[in-house]
Q: 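Quick one: structure below, then a few questions.
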There are 2 protein chains.
Amino acid sequence: MPAREALASRKAGRPRVAVPRTHLVETARAVFADRGYHGTTLDRIAEQAGIRRASLLHHFGDKASLYQEVLDQVVVGLQDLIREASGARTDYPGALDALGSRIVDTLGRRPGVARLLLRELVDGGPYLEGAGGRAVQETLEFTAGFLAAGMTAGVFLRQDPRQLALTIVGLHLYYFATLDSTGSFLGAGAYSDAGIEVRKTAVLAHVRSLCLGTPAGVPDPSPALRRPRTKASSV
Amino acid sequence: MPAREALASRKAGRPRVAVPRTHLVETARAVFADRGYHGTTLDRIAEQAGIRRASLLHHFGDKASLYQEVLDQVVVGLQDLIREASGARTDYPGALDALGSRIVDTLGRRPGVARLLLRELVDGGPYLEGAGGRAVQETLEFTAGFLAAGMTAGVFLRQDPRQLALTIVGLHLYYFATLDSTGSFLGAGAYSDAGIEVRKTAVLAHVRSLCLGTPAGVPDPSPALRRPRTKASSV
DNA sequence: GTCTATAACGGGATAGAC
DNA sequence: GTCTATCCCGTTATAGAC
């Protein structure tokens, strides 16, 4: 954390240490994810990044452009992940597990991604009306197509593939996007590797049940995560 | 829609038609649901309600208090619904259907409720740290308890009841909270009674599958809602 | 109880020095 | 490329007449 004073005493025009653009976008992603578009100020992003608001604007022009760049990155990242993990598979149950596993890993490691995307879907902001909306639409379409293919192949249960796609997406995004609020319901450690693993086990079983009808066994949750501790250590 | 001019020409101090407080809260709910807390201005709420911003502030003191009142109402409404629909039941599968059915009806009829609640859970605002947070916690706890009871009764599949509760809540809230954005994926009419019915059928099957392991049959989605029309009528 | 008018503030964006 | 300083707009909240 670069201190405020160090910043103020700096000369103008001298790059402190050549803050790379990617770092700025990452910082912005974290802050936007935390507070939403309207809730975040450029000052906060700038402060976190260790520069001034004016410098931030120099790079991105305005707040909306920065936000768009952040969201673009998130959406194409997820899109690639889904295509990659499910593409070129004939083993439908295997693809199902691979997909769920990678998504839980990604969202669990970076809860900001789920928050950012879910918020945008709820808000229906201008981003979704442009290229971003098309990407989301394509990804949903792709997912529904994958499910439909599994049904015609006779391995997935016949049902409305679009409705199924939306409940699966919802079950993924909701959990990690609201983990901060529901963390006390789960007990400490929901963000830990163990917590992510517990979620992954549950999700894989749930998705298998929905698609295959397999009454999957998830007999024993990690005892440490079953009941919240009344006075558990924070973080 | 009361016209702007009619408002401006009114005399001060004379109640137009005695706008009831509940109406103000309802209007505020709709606007907050649409744009989020930071995204909504008191001017917009006031305009929708047919009064001035100053009058609005007279009733509620400040923006935060109004928001809290709105959210309180939403949360206790949902809490009551869940308790009522699942309480005093020994028929677990029946309770499952009743619960899902009523929730889909409620959220489908008023998508703002899902948006409002989901946004708050994502934001983790100050509301959740007060009485609201306790209510949410209680409701989650109640739901997990219901599922656990069904498991010990031997009718629900044994699994982590907390993880199950969160995926079910997520599958409910996500769908209706993001319907505006994913509407084009579903085709026109997602908000219609027919669209809600399609969702309800799917949700009941999904939840049954998750809890009971029943490979429920949802063979035929309404043809009108299966594929989006390229040039469908709006609304 | 509703209005007009205005104060007070926060935040986005620009100008220009270095 | 980063800074300081400034402008300016939107929004909240208050004061006080009616």
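The chains referred to below are lettered A, B, ... by the order of the sequence lines, with proteins before strands, and numbering in each begins at 1.
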Q: Going by ring pair (Phe, Tyr, Trp, His ring centres under 6.0 Å), name the pairs with one or both residues in residues 63-83 of chain B, residues two or more places apart or in two chains.
A: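 Sorted result for residues 63-83 of chain B: B:Phe32-B:Tyr67, B:Tyr37-B:Tyr67.
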
Q: For the pair A:Thr27 (side chain) and A:His23 (backbone), establish whether a donor and an acceptor sit closer than 3.5 Å, ignoring hydrogens and angles.
A: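 Here the side-chain-to-backbone pair exists.
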
Q: Salt bridge check, B:Arg52 against B:Asp43: does any charged N sit closer than 4.0 Å to a carboxylate O?
A: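 Looking at B:Asp43 and B:Arg52, the cut-off is not met.
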
Q: Quick one, give me the B/S/- string for nucleotides 7-12 of chain C, reading 5' to 3', where B means a protein heavy atom under 4.0 Å from the base and S means that only happens at the primed atoms, P, OP1 or OP2.
A: ----SB

Q: Round to the nearest Å and state the distance from A:Arg52 atom CZ to C:dA13 atom P.
A: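 Checked: the CZ to P distance equals 19 Å.
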
Q: If we ignore hydrogens and angles and just use 3.5 Å, is the side chain of A:Thr41 paired with the main-chain N or O of A:Arg44 as donor and acceptor?
A: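 Yes: the side chain of A:Thr41 pairs with the backbone of A:Arg44.
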
Q: With a cut-off of less than 4.0 Å, is there a side-chain N or O of A:His58 near OP1 or OP2 of C:dT14?
A: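 False: A:His58 side-chain N/O out of range (4.0 Å or more) of C:dT14 OP1/OP2.
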
Q: Which whole-number value in Å describes the distance from A:Ile51 CD1 to D:dT4 P?
A: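 About 12 Å, once rounded to whole Å.
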
Q: Between B:Ser101 and B:Ala98, is there a donor-acceptor pair closer than 3.5 Å when you use the side chain of the first and the backbone of the second?
A: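 A pair under 3.5 Å: no.
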
Q: Rounded to whole angstroms, how far apart are CZ on B:Arg35 and C1' on D:dG10?
A: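 The distance from CZ of B:Arg35 to C1' of D:dG10 comes to 14 Å, rounded to the nearest Å.
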
Q: Could you go through B:Tyr175 and A:Thr167, starting from their C-alpha distance and side-chain angles, then the distance that decides it, and tell me whether this counts as side chain to side chain contact (heavy atoms under 4.5 Å, CB included)?
A: CA-CA 7 Å; B:Tyr175 181 88; A:Thr167 96; over 6 Å; no

